[in-house]
K.L.:
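This is the structure I have questions about; it appears just below.
Throughout, a chain's letter reflects where its sequence line sits, starting with A, and its residues are numbered from 1. Because the structure is a prediction, the values reported are computed rather than measured. Below, each value reflects all heavy atoms present in this structure, side chains not excepted, and no hydrogens, waters or symmetry copies.
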Amino acid sequence: MPELPEVEVVRLGLEPVIAGALIEQVVVKDPRSLKRHLGPTEDFISSLEGHTLTHAVRRGKFLWFPIAGTNEALVGHLGMSGQMLIGDETSDFGPHARIIVTLKPVRGLRMQVAFVDQRIFGSLAIDHCVDCPDGKPGGLGSPTAEVPKSVAHIGRDPLDPHCDDRAVIAALRRKSTGIKRALLDQNLISGVGNIYADEALFASKLHYDTPCSSLSVSKVRELLRTIREVFGRALAEGGTSFDQQYVNVNGQSGYFSRSLKAYGRAGEPCVVCGAIIVRERFMNRSSYRCPRCQKVPSTR
DNA sequence: CGTTGGCCCTGATCGC
DNA sequence: TGCGATCAGGGCCAAC
């Protein structure tokens, strides 16, 4: 279940391999992984073969790789179970390998990048780029103020140095919905998924259905800070891993899941107060919270 | 326009 | 043993 820290780990792992890499061959083993690609599979392939990728860029959970000399980029989203694995000519990426990109040999070594995705919620696509309205870099790792059109509506994420905290806090407080729903909405602030939403709300002692409009500026600022803390910790540990769904680019699992304090801990004692963590259905997802630290909001 | 609910997709697991 | 139901959930889109 890759969220922002996991996707950043993937970006960091891919960058040295794909930056400046000339693409020799693209094999689409399962066109369902191109469902967000507008146009035929052949166009996807011809947009890449013989072309060079310049950078590895990320905004929220979206990754993209600008194509040299064009206005286009290879855009990827890992969805629920996506992975980008790096290997060589001899690598077997398994039964869920959907798209294989082979790079021209460098110093005699022919590398491959595989898009592996069991559930096919993720996708790859070719998209054209548009200018960022704020004139700032499109995402982490981008030297230009451009972003793929299909990613333009996604808000900057908390690890983006150009994230406008004041604007985010003000916009969040104007929303007439609960705080967790607002966090999961990628348009305002991106990169927060179900797991880290629960972790951040636990750290900030907030119930998931607390009305955004009832939160003070300082409370929202605190929440933003806890999101960054949780992200930073996960990033330092290489990302969270669950049931081997997520693996970083080298095929190794992250291990942040061991330090989760709320998510997945139903029936276990709260590490702060000892009350038993409960699991509740919210937005067709599981939400975990401490019934004592994160009380149901009184005002609604 | 903002908010909300449902759908997509596969494989592991569970109950009968 | 077999088989249908359930669960996992990010992003998108239609409906309100």
Side-chain angles (χ1 to χ4, degrees), chain A residues 1-8 10 29-38 58-64 75-84 93-99 115-125 127 139 147-158 168 170-201 208-214 227 231 234 239-247 253 257 260 262-267 279-288 300:
Chain A
M1 304 169 199
E3 294 193 25
L4 184 148
E6 289 83 354
V7 181
E8 178 62 9
V10 171
K29 302 178 77 172
D30 194 333
R32 289 179 298 174
S33 287
L34 293 182
K35 61 185 169 189
R36 301 181 61 167
H37 175 75
L38 306 174
R58 181 192 57 75
R59 177 187 289 205
K61 301 169 202 167
F62 281 87
L63 286 167
W64 70 91
V75 183
H77 195 290
L78 300 179
M80 287 286 298
S81 54
Q83 299 165 238
M84 299 246 197
F93 296 107
H96 306 308
R98 311 297 182 186
I99 295 167
F115 182 75
V116 181
D117 188 10
Q118 182 206 99
R119 293 184 198 166
I120 322 183
F121 265 46
S123 65
L124 294 184
D127 193 15
V147 62
K149 192 172 193 307
S150 54
V151 186
H153 66 288
I154 300 293
R156 291 185 180 276
D157 62 67
V168 167
L172 202 70
R173 295 180 70 233
R174 275 197 301 270
K175 290 187 90 72
S176 59
T177 188
I179 184 62
K180 184 170 178 180
R181 180 177 277 276
L183 288 181
L184 294 179
D185 178 356
Q186 305 294 301
N187 299 312
L188 192 52
I189 189 158
S190 66
V192 183
N194 197 45
I195 298 169
Y196 294 122
D198 278 7
E199 291 302 303
L201 290 170
Y208 53 79
D209 213 13
T210 307
C212 292
S213 56
S214 73
I227 291 170
F231 276 174
T240 303
S241 171
F242 294 94
D243 56 62
Q244 276 70 57
Q245 286 299 310
Y246 165 76
V247 192
S253 295
S257 57
L260 294 177
Y263 187 87
R265 295 194 67 246
R279 172 188 164 185
E280 292 160 334
R281 298 299 297 178
F282 179 70
M283 288 178 67
N284 280 326
R285 288 166 171 74
S286 291
S287 277
Y288 299 85
R300 181 74 254 219

K.L.:
What integer distance in Å separates A:Ile189:CD1 from C:dG11:P?
P.N.:
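Atom CD1 in A:Ile189 sits about 14 Å away from atom P in C:dG11.
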K.L.:
The criterion is side-chain contact (heavy atoms from CB on, under 4.5 Å); which residues satisfy it with A:Ala200, sequence neighbours excluded?
P.N.:
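Scan of A:Ala200 (side-chain contact (heavy atoms from CB on, under 4.5 Å), adjacent residues dropped) gives A:Leu223, A:Thr226, A:Ile227.
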K.L.:
Output yes when at least one side-chain N/O atom of A:Thr177 is less than 4.0 Å from OP1 or OP2 of B:dT3, else no.
P.N.:
no
K.L.:
Counting only N and O atoms by type, is there a donor-acceptor contact under 3.5 Å from the side chain of A:Lys35 to the main-chain atoms of A:Ile120?
P.N.:
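Indeed, once roles are kept as given, a pair shorter than 3.5 Å links the two residues.
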K.L.:
Grab the CD1-P distance between A:Ile154 and C:dG11 for me, whole Å please.
P.N.:
6 Å
K.L.:
Which of these, A:Arg279, A:Arg281, A:Lys180, A:Glu280, sits in a side-chain hydrogen bond (donor to acceptor under 3.5 Å, both in side chains) with A:Ser287?
P.N.:
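Of the listed options, the one satisfying the test is A:Lys180.
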K.L.:
Measure CD1/A:Ile179 against C1'/B:dT4 and give the value in whole Å, please.
P.N.:
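Going from A:Ile179 (CD1) to B:dT4 (C1'), I get 17 Å.
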K.L.:
Before giving the answer on salt bridge (Lys or Arg N to Asp or Glu O under 4.0 Å), spell out for A:Glu8 and A:Arg58 the whole-Å C-alpha distance, their side-chain angles and the decisive distance to 0.1 Å.
P.N.:
CA-CA 7 Å; A:Glu8 178 62 9; A:Arg58 181 192 57 75; 2.6 Å; yes
K.L.:
May I ask you to verify if any side-chain N or O of A:Ser81 is less than 4.0 angstrom from the OP1 or OP2 atom of B:dG11?
P.N.:
no
K.L.:
May I ask you to say what A:Lys35 touches in the nucleic acid, namely base, sugar-phosphate or nothing, with a heavy-atom cut-off under 4.0 Å?
P.N.:
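The answer is nothing, as A:Lys35 stays clear of every strand by at least 4.0 Å.
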K.L.:
According to a strict under-4.0 Å criterion, is A:Arg285 in side-chain N/O contact with OP1 or OP2 of C:dC7?
P.N.:
no
K.L.:
Return the value, rounded to whole Å, for the distance between atom CG of A:Asp209 and atom P of B:dT4.
P.N.:
9 Å
K.L.:
Taking for each residue the nucleotide of DNA chain B with the nearest heavy atom, is it A:Ile120 or A:Asn284 whose nucleotide lies nearer the 5' end?
P.N.:
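Per heavy-atom nearest nucleotide, the more 5' residue is A:Asn284.
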K.L.:
Would you sort out whether A:Lys61 and A:Asp157 count as a salt bridge (Lys or Arg N to Asp or Glu O under 4.0 Å), showing the intermediate values?
P.N.:
CA-CA 9 Å; A:Lys61 301 169 202 167; A:Asp157 62 67; over 6 Å; no
K.L.:
Starting at CG of A:Leu184 and ending at P of C:dC12, how long is that distance when rounded to a whole Å?
P.N.:
14 Å
K.L.:
So, is A:Lys175 close to the B:dG2 phosphate, meaning a side-chain N or O under 4.0 Å from OP1 or OP2?
P.N.:
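No, no such contact exists.
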K.L.:
Want to settle it: does A:Asp185 or A:His96 sit nearer the 5' end of DNA chain B, counting the closest nucleotide to each?
P.N.:
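The residue mapped nearer the 5' terminus is A:Asp185.
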K.L.:
From the options B:dG11, C:dG10, C:dA8, select the nucleotide whose nearest atom is closest to the side chain of A:Gln118.
P.N.:
B:dG11
K.L.:
Taking atom P of C:dG11 as reference, at what distance in whole Å does atom CE of A:Met283 sit?
P.N.:
11 Å
K.L.:
For C:dG11, take OP1 and OP2 only and decide whether either is under 4.0 Å from a side-chain N or O of A:His77.
P.N.:
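Answer is yes, contact under 4.0 Å.
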K.L.:
Look at the side-chain N and O atoms of A:His153 and state whether any lies under 4.0 Å from the OP1 or OP2 oxygen of C:dC12.
P.N.:
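Looking at the OP1 and OP2 atoms of C:dC12, one of them is under 4.0 Å from a side-chain N or O of A:His153.
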K.L.:
Are A:Ser286 and C:dC7 close enough that a side-chain N or O sits under 4.0 Å from OP1 or OP2?
P.N.:
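For C:dC7, OP1/OP2 do not have a side-chain N/O of A:Ser286 under 4.0 Å.
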K.L.:
A:Asp157 has an atom CG; how far is it from atom P of C:dG11, in whole Å?
P.N.:
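Taking CG of A:Asp157 and P of C:dG11, I get 12 Å after rounding.
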K.L.:
Do A:Asp117 and A:Ser33 have a side chain donor and acceptor closer than 3.5 Å?
P.N.:
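There is no such pair between these side chains.
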K.L.:
For a quick check of understanding: with a heavy-atom distance under 4.0 Å over all strands, which category does A:Arg279 fall into, base, sugar-phosphate or nothing?
P.N.:
sugar-phosphate
K.L.:
Whole Å only: how far is the CD atom of A:Glu280 from the P atom of C:dA8?
P.N.:
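To the nearest whole Å, that distance equals 14 Å.
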K.L.:
Considering just the side-chain nitrogens and oxygens of A:Arg181, establish if one lies under 4.0 Å of OP1 or OP2 belonging to B:dG5.
P.N.:
yes
